[in-house]
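Let me begin by presenting the structure, written as structure tokens, before commenting on it.
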Amino acid sequence: MYTPEVVMIGLGYIGLPTAALIAQNNVKVHGVDINQAVVDTINRGEIHIVEPELDKAVATAVENEYLKASTTPVEANTYIIVVPTPFKGKNEPDISFVESATRGIIPLLKEGDLYIIESTSPIGTTDKMKDLIYQERPELEGKLHIAYCPERVLPGNVMYELVNNDRVIGGIDDASTIQAINFYSKYVKGTLHKTNARTAEMCKLVENSSRDVQIAFANELSLICDKADINVWELINLANKHPRVNILQPGCGVGGHCIAVDPYFIVSDYPMESKIIGTAREVNNYKSFWCAEKIQTEKLKFELSHGRKPKVALMGLAFKPNIDDLRESPAKYIAQKVLQNDSNGEYFIVEPNITEHNVFKLTNYKDAAEKADIIALLVAHDEFKEIDFGQEKVVLDFCGAIK
Ligand code: SAJ
């Protein structure tokens with residue numbers, strides 16, 4: 001009979017690689033996902049997401065019978081919750097998936113079990129889940145180990161970072177923290193840092209908020225430099241020659257499902273105190289709007305000086321360079337906004353990392369660059385860095401692809 005050691009609830013971008021990593025260490029893992037198609041794919045030894053090295057890891061784990069998936073949890077010793085925490089209402093975190101995943105395993109829990117949340121969560125979620133568990137199973141009060149351990153891996157480098165990054169681990173009490181550290185120490189080479197659950201929850205939110213604030217500073221500089229007629233890329237490069245200055249790069253906004261999202265988890269609970277974090281979100285969102293407006297203005301200028309409408313190339317749709325992920329992408333937002341405002345215009349939409357899109361008709365990047373009068377560089381994909389745009393075209397480099 002298949003008796004797993006670990007149950008992983010949520011087999012997405014983090015849950016599946018983590019399940020595969022644990023299984024690689026010859027520990028039996030039972031993966032749970034509400035999506036039957038995902039479960040079937042994994043049980044065939046295949047994967048449903050794009051992530052280097054993950055396909056091999058999952059194929060081997062399934063073949064060696066260290067990884068199985070289903071839509072319902074089974075009994076184990078360790079339960080890990082890695083489900084999404086989306087928004088509800090006006091940028092307020094929704095922990096209902098964490099809650100329903102927890103409810104699903106409550107009947108299976110027994111003395112000594114370890115329960116870990118990895119999902120990005122508002123401060124206090126681990127305590128809330130502890131209360132929920134002990135409400136339903138009062139006889140287990142004080143007999144379980146409950147901890148929070150956020151993931152911090154970069155999409156595209158997950159299999160390496162899962163093993164090598166440091167982790168922050170916070171239990172509801174010391175015994176829980178120690179138990180969770182013992183668990184991760186079997187799979188993680190990075191240092192495991194001990195804290196409490198609330199600090200660990202806050203730490204995840206702060207890491208991504210810190211990056212968001214720093215990018216907002218760079219984006220703000222880009223707006224100032226545009227007015228002041230200064231090349232922002234040169235400016236940042238020069239300022240960064242100072243030994244204690246390290247400014248990030250401006251772009252056409254901040255995208256993805258982490259940095260553009262997590263700061264709201266702090267702002268929604270502590271609105272009066274998180275002024276800089278909230279403003280950074282506004283600055284980064286405004287930058288996308290500003291880029292779309294800038295494209296409109298350049299189109300009008302072209303029309304006035306040439307007596308005809310320009311052909312416009314919008315280069316890149318992904319949320320960051322050299323990936324195929326379009327979720328929460330500022331480039332996609334800009335393309336939508338520009339096209340909405342001018343349905344008869346002639347546009348070339350480019351995204352070299354995908355072959356087709358359900359809304360946009362895609363054009364090859366070389367053709368687009370050759371045919372367009374105005375070229376808006378939205379994502380600094382490597383392909384764009386090679387293009388010679390000549391002297392005639394209007395090039396709007398929002399992401400420093402050519403600098
Ligand atoms: N960006 C800039 N300028 C920069 C750097 C990034 O505009 O100088 C933009 C990117 O173009 C993109 C966005 O920021 O639109 C986010 O990209 P990213 O590469 O900074 O981060 P993500 O979202 O892919 O992954 C982040 C990582 N967090 C940090 O670096 C603090 C990762 O380690 C986390 O695990 C991940 O969020 C997560 O899951 O929370």
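Residues take their numbers from the sequence shown, with the count starting at 1. Because only heavy atoms are used, hydrogens play no part in the values below, and waters and symmetry mates are left out as well, while side chains stay in.
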(request) Any chance you could lay out the side-chain contact (heavy atoms from CB on, under 4.5 Å) test for Met129 and Ile95, step after step, and finish with the verdict? (result) CA-CA 10 Å; Met129 292 307 114; Ile95 60 163; 4.0 Å; yes

(request) Output all residues satisfying side-chain contact (heavy atoms from CB on, under 4.5 Å) with Asp388, sequence neighbours left out; order by chain, then residue number. (result)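 Testing Asp388 for side-chain contact (heavy atoms from CB on, under 4.5 Å), a comparison that skips the adjacent residues, returns none.
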
Is a donor from one side chain sitting under 3.5 angstrom from an acceptor on the other, for [X] and [Y]?
{"X": "His30", "Y": "Glu5", "answer": "no"}
{"X": "Ser210", "Y": "Gln214", "answer": "yes"}
{"X": "Gln36", "Y": "Asp40", "answer": "yes"}
{"X": "Lys309", "Y": "Asn344", "answer": "no"}
{"X": "Asn353", "Y": "Asn322", "answer": "no"}
{"X": "Glu201", "Y": "Thr126", "answer": "yes"}
{"X": "Lys287", "Y": "Ser222", "answer": "yes"}
{"X": "Thr199", "Y": "Asn196", "answer": "yes"}
{"X": "Tyr347", "Y": "Asp342", "answer": "yes"}
{"X": "Tyr115", "Y": "Ser176", "answer": "no"}

(message) Taking side-chain contact (heavy atoms from CB on, under 4.5 Å) as the criterion, tell me which of Asp397, Leu377, Val395, Leu378 meets it with Met315.
(response)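 So the option named by the test is Leu377.
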
(request) Applying side-chain contact (heavy atoms from CB on, under 4.5 Å) between Lys204 and each of Ile123, Thr120, Val168, report the one that passes. (result)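 Exactly one candidate clears the test, Thr120.
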
(message) If the threshold is 4.0 Å, N to carboxylate O, is there a salt bridge linking Lys320 and Asp325?
(response)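 No.
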
(message) What I want to find out is whether Lys143 reaches Asp113 closely enough, with some N-O distance under 4.0 Å, to be called a salt bridge.
(response)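 No, this pair does not count.
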
(request) For a side chain to side chain donor-acceptor pair (under 3.5 Å) with Arg167, tell me which candidate from His193, Glu118, Glu151 qualifies. (result)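 It is Glu118, the one option of His193, Glu118, Glu151 that forms the side chain to side chain donor-acceptor pair (under 3.5 Å) with Arg167.
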
(message) If I compare all heavy atoms of Lys194 with all of Ile181, which pair ends up nearest, and what's the gap?
(response)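 Nearest heavy atoms, Lys194 then Ile181: CB-CD1, 3.8 Å.
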
(request) Verify side-chain contact (heavy atoms from CB on, under 4.5 Å) between Leu11 and Ile42, making sure each step is shown before the conclusion. (result) CA-CA 9 Å; Leu11 296 172; Ile42 293 166; 3.6 Å; yes

(message) Under the criterion side-chain contact (heavy atoms from CB on, under 4.5 Å), I'd like the reasoning laid out for Tyr148 against Thr125: C-alpha separation, chi angles, the key distance, then a yes or no.
(response) CA-CA 9 Å; Tyr148 185 75; Thr125 303; over 6 Å; no

(request) For Gln296, check side-chain hydrogen bond (donor to acceptor under 3.5 Å, both in side chains) against everything at least two apart and list the hits. (result)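 For Gln296 the side-chain hydrogen bond (donor to acceptor under 3.5 Å, both in side chains) partners, ignoring immediate neighbours, are Lys299.
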
(request) Evaluate the side-chain contact (heavy atoms from CB on, under 4.5 Å) criterion for residues Phe183 and Thr78: first the C-alpha distance (whole Å), next the side-chain angles of each, then the deciding distance (0.1 Å), finally the verdict. (result) CA-CA 9 Å; Phe183 174 77; Thr78 298; 3.8 Å; yes

